[in-house]
There are 2 protein chains.
Amino acid sequence: MTPTPPPTTGPVSPSVSDAELLRLDHQVCFSLHAASRAFGGVYRDALKDLGLTYPQYLAMLVLWEHGPQPVKAIGEQLRLDSGTLSPLLKRLEAAGLVRRERSPEDERSVTVHLTDEGAELRERALPVPRRILAATGLSVEEILGLQQLLGRLTGALDGAQG
Amino acid sequence: MTPTPPPTTGPVSPSVSDAELLRLDHQVCFSLHAASRAFGGVYRDALKDLGLTYPQYLAMLVLWEHGPQPVKAIGEQLRLDSGTLSPLLKRLEAAGLVRRERSPEDERSVTVHLTDEGAELRERALPVPRRILAATGLSVEEILGLQQLLGRLTGALDGAQG
DNA sequence: CACAATCAAGTTGTGCACAACTGAATAGGG
DNA sequence: CCCTATTCAGTTGTGCACAACTTGATTGTG
């Protein structure tokens with residue numbers, strides 16, 4: 001019955017129709033979107049006691065792991081620009097967790113430091129990941145596989161546009 | 001003050017320290033977050049010509065697939081509440097793609113219909129998924145596997161809290 | 001019937017994401 | 001040395017996500 005639908009583009013099996021892809025696509029993009037927001041919900045609960053949002057927690061992870069660094073470096077690790085980071089870091093500063101200082105060598109740059117309070121918060125954050133990992137219901141192996149696949153995916157998508 | 005590493009939860013290998021998990025966790029949550037946003041960027045490009053954002057496209061997919069339905073039903077399929085959907089649908093209505101009508105049977109409910117213009121937009125959206133799929137650099141099999149894993153993940157996370 | 005509980009959609013307020021832009025500082029080329 | 005281009009952080013504006021709340025309709029129970 002199929003008079004061979006148009007072989008529009010390269011690597012994708014051309015035996016699948018556009019109309020079918022519109023549904024498959026629904027599933028893929030939606031699955032990722034939903035998973036990301038479901039993660040956000042679980043983190044919201046886990047981080048409530050710490051007074052952090054999920055992206056604020058990501059920023060704190062960077063500082064806990066790698067110490068004081070400029071806004072730009074944090075942005076590169078989280079793939080966020082200053083339009084997102086500037087207000088986020090100001091909120092962390094208002095909460096007393098970080099300090100922002102103009103770099104003396106380069107007056108354009110602002111270095112973000114942990115305060116004592118911010119450094120101490122790490123202790124209270126330590127049990128969070130185990131809680132999250134348990135909530136995923138996945139094995140460590142599956143998590144690692146997912147991570148690797150997502151890494152490849154992000155690399156390809158970033159390369160395609162952006 | 002536990003000298004023994006806490007056997008806190010069940011399925012997670014207790015041989016991994018909290019400190020290591022704090023880094024693993026960084027990778028997992030971050031990978032998903034980054035992948036989701038990378039997807040958003042590619043969709044942004046692909047949907048620019050259609051004048052749709054990514055979440056607006058998701059809402060249109062639901063209407064293209066399943067026809068007119070109440071706001072609540074759309075919200076259940078996209079896992080979005082009225083706080084997100086109400087303004088989004090108002091923007092789609094302002095763009096002339098949908099119409100919203102109070103249901104005569106239940107005056108609380110608002111049914112969302114496609115306009116002719118909204119229905120026609122589907123034709124122009126047909127090539128989008130193939131473009132996205134190509135940008136992922138993944139095979140259809142990998143996509144399906146990812147989808148399935150993400151579905152399990154979302155189910156577990158939604159069950160854990162939310 | 002009356003009235004409390006529930007339900008749908010919408011509103012408000014906070015925070016994130018990102019494009020487009022501003023302003024100040026620095027680096028580089030003539 | 002000057003002047004242009006680039007870089008970094010920040011600001012503005014739009015849209016999404018979600019909690020908490022409001023409003024009006026419906027349902028259920030006494």
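Numbered from 1 within each chain, the chains take letters A, B, ... in sequence-line order.
- We find that A:Arg124 and A:Asp49 are not joined by a salt bridge, their nearest charged nitrogen and carboxylate oxygen being 4.0 Å or further apart.
- Rounded to a whole Å, the CG atom of B:Asp81 is 14 Å from the C1' atom of C:dG13.
- The B:Asp106 side chain lies nearest to D:dT26 when the options are C:dA17, D:dT26, C:dG10.
- A centroid separation of 6.0 Å or more is found between the aromatic rings of A:Phe39 and B:His33.
- Along DNA chain D, the nucleotide nearest to A:Arg102 and the one nearest to B:Thr53 differ in position, and the one closer to the 5' end is contacted by A:Arg102.
- To the nearest angstrom, C1' of D:dG10 lies 11 Å from CG of A:Leu85.
- Summarising the geometry, the separation between NZ on B:Lys72 and C1' on C:dA8 is reported as 8 Å, rounded to the nearest angstrom.
- Considering only side-chain N and O atoms, B:Lys48 lies nowhere under 4.0 angstrom from the phosphate OP1 or OP2 of C:dC18.
- Contacts of residues 107-115 of chain B with DNA chain C (heavy atom under 4.0 Å): B:Arg108, B:Ser109, B:Val110.
- B:Leu80 has its CG atom 12 Å from the P atom of D:dA19, to the nearest Å.
- With DNA chain D read from its 5' end, the first of the two nearest nucleotides for B:Glu105 and B:Thr84 is the one closest to B:Thr84.
- Side-chain atoms of A:Trp64 never come within 3.5 Å of backbone atoms of A:Ala59 as a donor-acceptor pair (strictly under, hydrogens ignored).
- For B:Glu76 and C:dC7, the CD to C1' distance is 12 Å, given to the nearest whole Å.
- Spacing between atom NZ of B:Lys90 and atom C1' of C:dT11 amounts to 9 Å, rounded to whole angstrom units.
- The nearest whole Å value for the distance from the CD atom in A:Gln69 to the C1' atom in D:dA9 is 16 Å.
- Across all strands shown, B:Ser82 has heavy atoms under 4.0 Å from base atoms, whether or not it also approaches the sugar-phosphate.
- Annotation: the span from A:Leu24 atom CG to A:Ser17 atom OG amounts to 10.5 Å, rounded to 0.5 Å.
- Among the heavy atoms of the strands lying under 4.0 Å from B:Leu88 are primed sugar atoms or P, OP1, OP2 only; no base atom is included.
- Checking side-chain atoms of B:Glu93 against main-chain N and O of B:Arg100 turns up a donor-acceptor pair under 3.5 Å.
- Secondary-structure annotation of DNA chain C gives the stems C:1-30 with D:1-30, with a stem taken as at least 3 successive Watson-Crick or G-U pairs whose two distances both fall under 3.5 Å.
- Note on A:Pro87: nothing from the nucleic acid sits closer than 4.0 angstrom, heavy atoms only.
- A:Ser31 contributes atom OG, which lies 8.5 Å from atom NE2 of A:His26 (distance to the nearest 0.5 angstrom).
- The backbone N or O of B:Arg99 lies less than 3.5 Å from no partner atom in the side chain of B:Glu101, so there is not a single donor-acceptor pair.
- Looking at A:Thr84, its side chain never comes within 3.5 Å of a backbone N or O of A:Leu80 through a donor-acceptor pair.
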Discussion item. Could you go through B:Thr111 and B:His113, starting from their C-alpha distance and side-chain angles, then the distance that decides it, and tell me whether this counts as side-chain contact (heavy atoms from CB on, under 4.5 Å)?
Written reply: CA-CA 6 Å; B:Thr111 304; B:His113 302 259; 3.6 Å; yes
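- Atom CZ of A:Arg44 and atom P of C:dT14 are 16 Å apart (whole Å).
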